[in-house]
Protein chains: 2
Amino acid sequence: MVKEMESKISDAEWEVMRVVWAQDKVTSKEIIDVLQQKKEWKPATTKTFIGRLVKKGILYTEEEGRKFLYSSAINESDFINSTLDETFENICNKDVGNAIVNLISNATLSFKDIEKIEKVIEMKKKEAVEEIPCNCVPGQCRCNNCSSGH
Amino acid sequence: MVKEMESKISDAEWEVMRVVWAQDKVTSKEIIDVLQQKKEWKPATTKTFIGRLVKKGILYTEEEGRKFLYSSAINESDFINSTLDETFENICNKDVGNAIVNLISNATLSFKDIEKIEKVIEMKKKEAVEEIPCNCVPGQCRCNNCSSGH
DNA sequence: TAAAGTAGATTACAAATGTAAACGTAAAGG
DNA sequence: CCTTTACGTTTACATTTGTAATCTACTTTA
């Protein structure tokens, strides 16, 4: 349960981080090459994103002779999780379950993933509720799906 | 499997949509009131977001005498799902499973949600794979978690 | 040693976003 | 009928994001 990450990076910056996360320490050239292939970004474009990430403190730099080696200042899983948690805060409580179902159905999962999911689900059963109220309109839920409403 | 939603709304706009979705048809005053309470937005601020959503075609307007009634031009669940699908495209394939585990563990779920999740999981078992390769660096995965790599 | 190539830093600029005030017009109240 | 109110529209403006060229200081190479 990591608290307060609150860094918020853009889609383009994510793309850079993915390269860094996948390779531990990288030179700018490596990042540039990967993204030139994958996203067709001009080198200058990638450089901009790298620079912004460094400024935000999300990329560490360590000098290696003349160049820099870049590495992530944040843990990949923690970052993904807190980003997703923030995204889910936009979603009405009552829809979270369906959203998760949809995600699972679109995902490619390993046997291990499935095992883990089954395990959490088993735990969640203990604290499951009958109906989840809409929390979009505080105080007075008039949402169609909430019999409890108003 | 809804294709092509590609509307992309901002966090602030989401907040407006939540109010609309929760209530079917609403006046601007209702939206403004809710968000003044919930987010402490000035009426003018909310008006701006409403206007932008109308311009984007995401809010319908229908005249009701002098005022407008606003309603959503898009289906809530479809919208949520396609937004999340897009978000998950930022996430390395190999991390998707863990991300889902995390989401489940932070969610409040109903018995029905859990049932549905169990059902999808059951289906996913048939197409589960041994290991999911990192797809962040195309062609040559050097990611730590991928034994298959490079 | 001069030319060419690299890498990081600086500058550019349009579109989207957050945040809001001001404006115009019609309605409702006094 | 005039004033206040309410609502939609227009304008404002700083920040973030996407997208990139240019500049500067080395370094490698001819």
Side-chain angles (χ1 to χ4, degrees), chain A residues 5-20 23 25-71 73 83 86-87 89-90, chain B residues 5-20 23 25-71 73 83 86-87 89-90:
Chain A
M5 180 91 50
E6 195 54 76
S7 298
K8 275 286 192 193
I9 60 177
S10 72
D11 284 350
E13 289 165 352
W14 257 101
E15 213 56 65
V16 173
M17 291 310 293
R18 293 180 67 169
V19 179
V20 177
Q23 308 193 36
K25 284 175 196 289
V26 279
T27 61
S28 67
K29 182 167 175 11
E30 292 180 272
I31 303 176
I32 287 169
D33 288 348
V34 169
L35 294 175
Q36 190 149 35
Q37 255 199 100
K38 185 176 176 192
K39 311 289 288 185
E40 293 183 323
W41 288 345
K42 299 281 147 63
T45 302
T46 302
K47 283 184 195 178
T48 299
F49 300 141
I50 293 175
R52 287 180 185 166
L53 285 164
V54 171
K55 185 177 303 167
K56 291 187 188 180
I58 294 174
L59 279 185
Y60 277 138
T61 53
E62 88 192 65
E63 278 183 81
E64 188 223 28
R66 172 134 340 284
K67 312 174 184 180
F68 284 143
L69 277 185
Y70 297 92
S71 54
T83 298
E86 274 175 49
T87 301
E89 270 162 32
N90 282 353
Chain B
M5 180 92 48
E6 195 54 77
S7 298
K8 272 289 192 193
I9 61 178
S10 71
D11 284 349
E13 290 165 351
W14 256 101
E15 213 56 64
V16 173
M17 291 311 292
R18 293 180 66 170
V19 179
V20 178
Q23 308 192 36
K25 283 175 196 291
V26 280
T27 61
S28 66
K29 181 166 176 14
E30 293 180 272
I31 302 176
I32 287 168
D33 287 348
V34 169
L35 294 175
Q36 189 149 35
Q37 256 199 98
K38 185 176 177 191
K39 309 289 289 184
E40 294 184 322
W41 288 345
K42 298 283 148 60
T45 303
T46 303
K47 284 183 194 178
T48 300
F49 299 141
I50 293 175
R52 286 180 186 166
L53 284 165
V54 171
K55 185 177 303 166
K56 291 187 187 180
I58 294 175
L59 279 185
Y60 278 137
T61 53
E62 89 194 61
E63 278 183 81
E64 188 223 28
R66 171 134 339 282
K67 312 175 183 178
F68 284 143
L69 277 185
Y70 297 92
S71 55
T83 298
E86 276 175 48
T87 301
E89 270 162 33
N90 283 352

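Each chain gets a letter, A, B and so on, in the order its sequence line appears, and its residues count up from 1. Owing to the predicted nature of the structure, the values given are computational and were not obtained by experimental measurement.
Summarising the geometry, the separation between CD on B:E63 and C1' on D:dC7 is reported as 12 Å, rounded to the nearest angstrom. Following rounding to the nearest Å, A:K55 (NZ) and C:dA9 (P) show an atom-to-atom distance of 10 Å. A:I31 has its CD1 atom 15 Å from the C1' atom of C:dT6, to the nearest Å. Atom P of nucleotide C:dA16 and atom CD1 of B:I58 are separated by 12 Å, given to the nearest angstrom. What separates CG of A:L53 from C1' of D:dT19 is a distance of 15 Å, to the nearest Å. Atom CD1 of A:I32 and atom C1' of D:dA21 are 14 Å apart (whole Å). Rounded to an integer number of Å, the gap from CD1 of A:I50 to C1' of D:dG18 is 15 Å. Remark: C1' of C:dT19 and CD of B:E40 are 14 Å apart, rounded to the nearest angstrom.
Residue pairs satisfying the salt bridge (charged side-chain N to carboxylate O under 4.0 Å, His left out) criterion with at least one member in residues 32-44 of chain A, sequence neighbours excluded, are listed as follows: A:E15-A:K38, A:E15-A:K39, A:K29-A:D33.
Legend: residues meeting side-chain contact (heavy atoms from CB on, under 4.5 Å) with B:K25, ordered by chain and number and at least two apart, are B:E62, B:L69, B:S71. Partners of A:Y70 by ring-ring contact (aromatic ring centres under 6.0 Å, His included), not counting sequence neighbours: none found.
Judged by distance alone, the side chain of A:E30 and the main-chain N or O of A:T27 form a donor-acceptor pair under 3.5 Å.
Taking 4.0 angstrom as the limit, B:T45 places none of its side-chain polar atoms (N or O) nearer than this to OP1 or OP2 of C:dT19. Taking 4.0 angstrom as the limit, A:K47 places none of its side-chain polar atoms (N or O) nearer than this to OP1 or OP2 of C:dG8. In terms of phosphate contacts, A:W41 brings a side-chain nitrogen or oxygen within less than 4.0 Å of OP1 or OP2 of D:dT19. Between A:S10 and the phosphate of D:dG18, there is a side-chain N or O to OP1/OP2 separation shorter than 4.0 Å. Dashed line: the shortest gap from a side-chain N or O of B:K42 to OP1 or OP2 of C:dA20 is under 4.0 Å. Regarding contacts with the backbone of D:dA6, every side-chain N or O of B:S28 stays at 4.0 angstrom or more from both OP1 and OP2.
In terms of position along DNA chain D, the nucleotide closest to A:D11 lies nearer the 5' end than the nucleotide closest to the other residue of the pair A:A44 and A:D11.
The CZ atom of A:F68 lies 12.0 Å from the CG atom of A:L59; values are rounded to the nearest 0.5 Å. In this structure, B:K8 NZ and B:T83 OG1 are separated by 7.5 Å, a value rounded to the nearest 0.5 Å.
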Nucleotide N/O to protein N/O under 3.5 Å, stretch nucleotides 25-29 of chain D:
unit_1, atom_1, unit_2, atom_2, d
D:dC26, O3', A:R66, NH1, 3.4
D:dT27, OP1, A:R66, NE, 2.5
D:dT27, OP1, A:R66, NH1, 3.0
D:dT27, OP1, A:R66, NH2, 2.1
D:dT27, O5', A:R66, NE, 3.4

Show each protein N/O and nucleotides 12-16 of chain D N/O combination with a separation under 3.5 Å, one pair to a line.
none

Please list every donor-acceptor pair under 3.5 Å in which a side-chain atom of residues 44-58 of chain A meets a protein atom from a residue at least two apart or in another chain.
unit_1, atom_1, unit_2, atom_2, d
A:T48, OG1, A:A44, O, 3.1
A:K56, NZ, A:E13, OE1, 2.8
A:K56, NZ, A:E13, OE2, 3.1

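Closest of all the heavy-atom pairs between A:N90 and B:W14 is O-CE3, 3.5 Å.
Within 4.0 Å of A:F49, counting heavy atoms only, lies at least one base atom of the nucleic acid.
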